[in-house]
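Read the numbers this way: they start at 1 and go in the same order the structure lists the ligands and their atoms.
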Amino acid sequence: MTETISYKEQINTDNLPEHIAIIMDGNGRWAKAQGKHRIFGHKNGVKAVREATEGCAEIGVRFLTLYAFSTENWNRPKTEVSALMELLFLTIGREIKTLQKNNIKLNVIGNIQSLPESNRKAIKEVMEATKNNTRMTLTLALSYGAREELIEATKAIATAYKEEKISIEDIDHQRISNSLYTKNMPDPALMIRTSGEHRISNFLLWQMAYTELYFTEKLWPEFSRNDLFKAICEYQQRERRFGKTSEQINEQFITNNLPKE
Ligand code: IPE
Ligand code: IPE
Ligand code: MG
């Protein structure tokens with residue numbers, strides 16, 4: 001029997017990624033491997049959502065963003081799209097207790113208007129009920145596409161310019177970040193994608209300019225809390241240089257940790 005390493009104890013809580021984003025992929029393949037329909041995989045993916053959410057909250061991650069449905073996913077067979085929308089509706093309603101118990105605030109990013117009315121209503125209710133929760137913000141990316149998000153931001157900035165509220169010089173990093181759906185969030189420090197696919201699939205293109213990327217072969221329904229902790233441990237082994245040299249980073253670390261006079 002192979003022994004599973006427990007990663008939680010190895011996490012350095014002084015160096016947690018403030019924001020983790022996850023591309024939850026592989027539900028269909030997981031179901032197919034057992035001779036089941038793809039939808040069976042989506043249903044079993046809900047357990048992994050709970051594992052990741054509770055795991056993040058438990059160790060002190062402040063923001064978790066889960067990619068649940070992309071703008072491109074609308075092109076899937078109609079039966080799968082409606083099953084996903086129904087599952088989303090049921091899950092949001094069912095998970096409210098877990099969110100309240102764990103003091104987690106629900107947030108949604110994406111083209112919400114394109115979702116069925118029942119889903120919009122359920123989302124609104126849960127967002128309202130959890131708006132004062134402070135431990136962690138759980139963001140669901142629903143009908144989300146980073147290119148659409150950038151188009152919307154560009155339109156908003158162009159309108160502000162046309163109405164003479166801003167000048168060309170006002171268009172900077174901050175202005176663009178503040179025009180995105182994620183305006184109140186830090187950029188993700190760590191992005192995890194399951195199922196062995198090594199791509200971004202139109203997720204947080206602007207926000208992930210300096211995100212650490214972590215890919216695992218695990219399929220989403222089998223992704224556990226320990227897998228999440230393992231990804232965080234690997235993240236903590238990395239040196240985030242942001243264009244600087246390793247020497248500069250180490251020097252900065254020493255200066256920041258010198259005893260205060
Ligand atoms: C991710 O699993 C869930 C959604 C995109 C909604 P997939 O449904 O993409 O599963 P695979 O990639 O086909 O295995
Ligand atoms: C990305 O998964 C979107 C979500 C996880 C919601 P996909 O399975 O749709 O990605 P591609 O199309 O294979 O890249
Ligand atoms: Mg997929």
Side-chain angles (χ1 to χ4, degrees), residues 19-53 55-56 63-95 106-116 118-120 122-123 138-151 180-182 185 188 190-208 211 213-224 227-228 231:
H19 180 181
I20 299 181
I22 306 183
I23 303 182
M24 313 184 286
D25 199 12
N27 295 351
R29 277 164 284 169
W30 182 84
K32 263 181 106 180
Q34 309 176 47
K36 299 273 174 54
H37 193 275
R38 297 177 52 83
I39 297 168
F40 181 71
H42 298 315
K43 288 188 177 152
N44 279 275
V46 176
K47 190 175 146 271
V49 169
R50 207 173 297 130
E51 282 283 293
T53 307
C56 281
F63 296 88
L64 172 66
T65 300
L66 301 175
Y67 202 6
F69 193 86
S70 71
T71 44
E72 288 73 22
N73 289 148
W74 288 112
N75 299 321
R76 289 194 178 190
K78 275 201 169 59
T79 46
E80 182 169 343
V81 171
S82 12
L84 275 166
M85 289 302 148
E86 195 190 329
L87 182 63
L88 179 72
F89 173 73
L90 295 173
T91 310
I92 289 181
R94 240 184 248 143
E95 295 300 312
L106 182 79
N107 177 35
V108 173
I109 56 172
N111 181 5
I112 311 305
Q113 293 316 313
S114 62
L115 297 174
S118 53
N119 287 36
R120 295 209 301 265
I123 289 166
L138 169 67
T139 300
L140 297 182
L142 290 175
S143 191
Y144 174 88
R147 288 186 165 180
E148 287 65 25
E149 180 181 34
L150 285 163
I151 291 169
L180 300 173
Y181 303 135
T182 50
M185 289 185 233
L190 169 65
M191 191 285 283
I192 299 170
R193 182 170 189 152
T194 56
S195 89
E197 307 296 354
H198 294 184
R199 55 178 177 264
I200 303 293
S201 304
N202 204 10
F203 191 39
L204 304 174
L205 295 181
W206 169 272
Q207 299 87 335
M208 291 211 287
T211 300
L213 308 179
Y214 178 90
F215 299 100
T216 167
E217 292 296 320
K218 280 263 176 113
L219 301 170
W220 180 250
E222 60 197 14
F223 189 80
S224 68
D227 293 321
L228 168 82

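The closest side-chain heavy-atom distance from Arg38 to Arg76 is below 4.5 Å. Annotation: side chain of Leu66 is in contact with side chain of Leu138 (closest heavy-atom distance under 4.5 Å). A heavy-atom distance below 4.5 Å is found between the side chains of Met191 and Ile200. Two residues are said to be in side-chain contact when any heavy atoms from C-beta on lie closer than 4.5 Å; Leu204 and Tyr144 meet this criterion. Contact check for Thr53 versus Glu95: no side-chain heavy atoms found under the 4.5 Å cut-off. When side chains are defined from C-beta on, Trp206 counts as touching Leu150, because their heavy atoms get closer than 4.5 Å.
Considering backbone and side-chain N/O of Asn73, one or more are found under 3.5 Å from N/O of ligand 2. For Asp25, a nitrogen or oxygen atom sits less than 3.5 Å from a nitrogen or oxygen atom of ligand 1, counting backbone and side chain alike. In terms of N/O distances under 3.5 Å, ligand 1 is approached by Arg29.
For atom 2 (O) of ligand 2, the candidate residues are Arg199, Glu197, Glu72, Arg193; the nearest heavy-atom contact is made by Arg193.
Atom CD of Glu86 sits in a sparse spot, with 12 or fewer heavy atoms from other residues, nucleotides or ligands closer than 6.0 Å. More than 12 non-hydrogen atoms from other residues, nucleotides or ligands lie less than 6.0 angstrom from CZ of Phe215.
With hydrogens and angles left out, the side-chain atoms of Ser195 and Trp220 include no donor and acceptor closer than 3.5 Å. Between Glu148 and Asn111, the side chains place no donor N or O within less than 3.5 Å of an acceptor N or O (distance only, hydrogens not considered).
Under the 4.0 angstrom criterion for non-hydrogen atoms, Lys32 is not in contact with ligand 1. By the 4.0 Å heavy-atom criterion, Gly26 is counted among the residues contacting ligand 1.
Ligand-side atoms of ligand 1 in range of Arg38: 7 (P), 8 (O), 10 (O), 13 (O), range being under 4.0 angstrom from any heavy atom. Listed by atom number, the atoms of ligand 2 under 4.0 Å from Ile23 heavy atoms are 1 (C), 5 (C). Every atom of ligand 2 with a heavy atom of Phe69 under 4.0 Å away is listed here by number and element: 6 (C). Of all the atoms in ligand 1, the ones that sit under 4.0 Å from a non-hydrogen atom of His42 are 3 (C), 8 (O).
In this structure, atom 4 (C) of ligand 1 lies nearest to the protein heavy atom Arg76 NH1, 4.0 Å. Annotation: atom 1 (C) of ligand 1 to nearest protein heavy atom, Met24 O, 3.0 Å. With hydrogens left out, the protein atom closest to atom 6 (C) of ligand 1 is Ala68 O, 3.4 Å, a heavy atom. Given atom 10 (O) of ligand 1, the protein heavy atom at minimum distance is Gly28 N, 2.9 Å.
Distance check on atom 12 (O) of ligand 2: every protein heavy atom falls at or beyond the 4.0 Å cut-off.
Taking backbone and side-chain atoms together, Asp25 has an N/O/S atom less than 2.8 Å away from the Mg ion (ligand 3).
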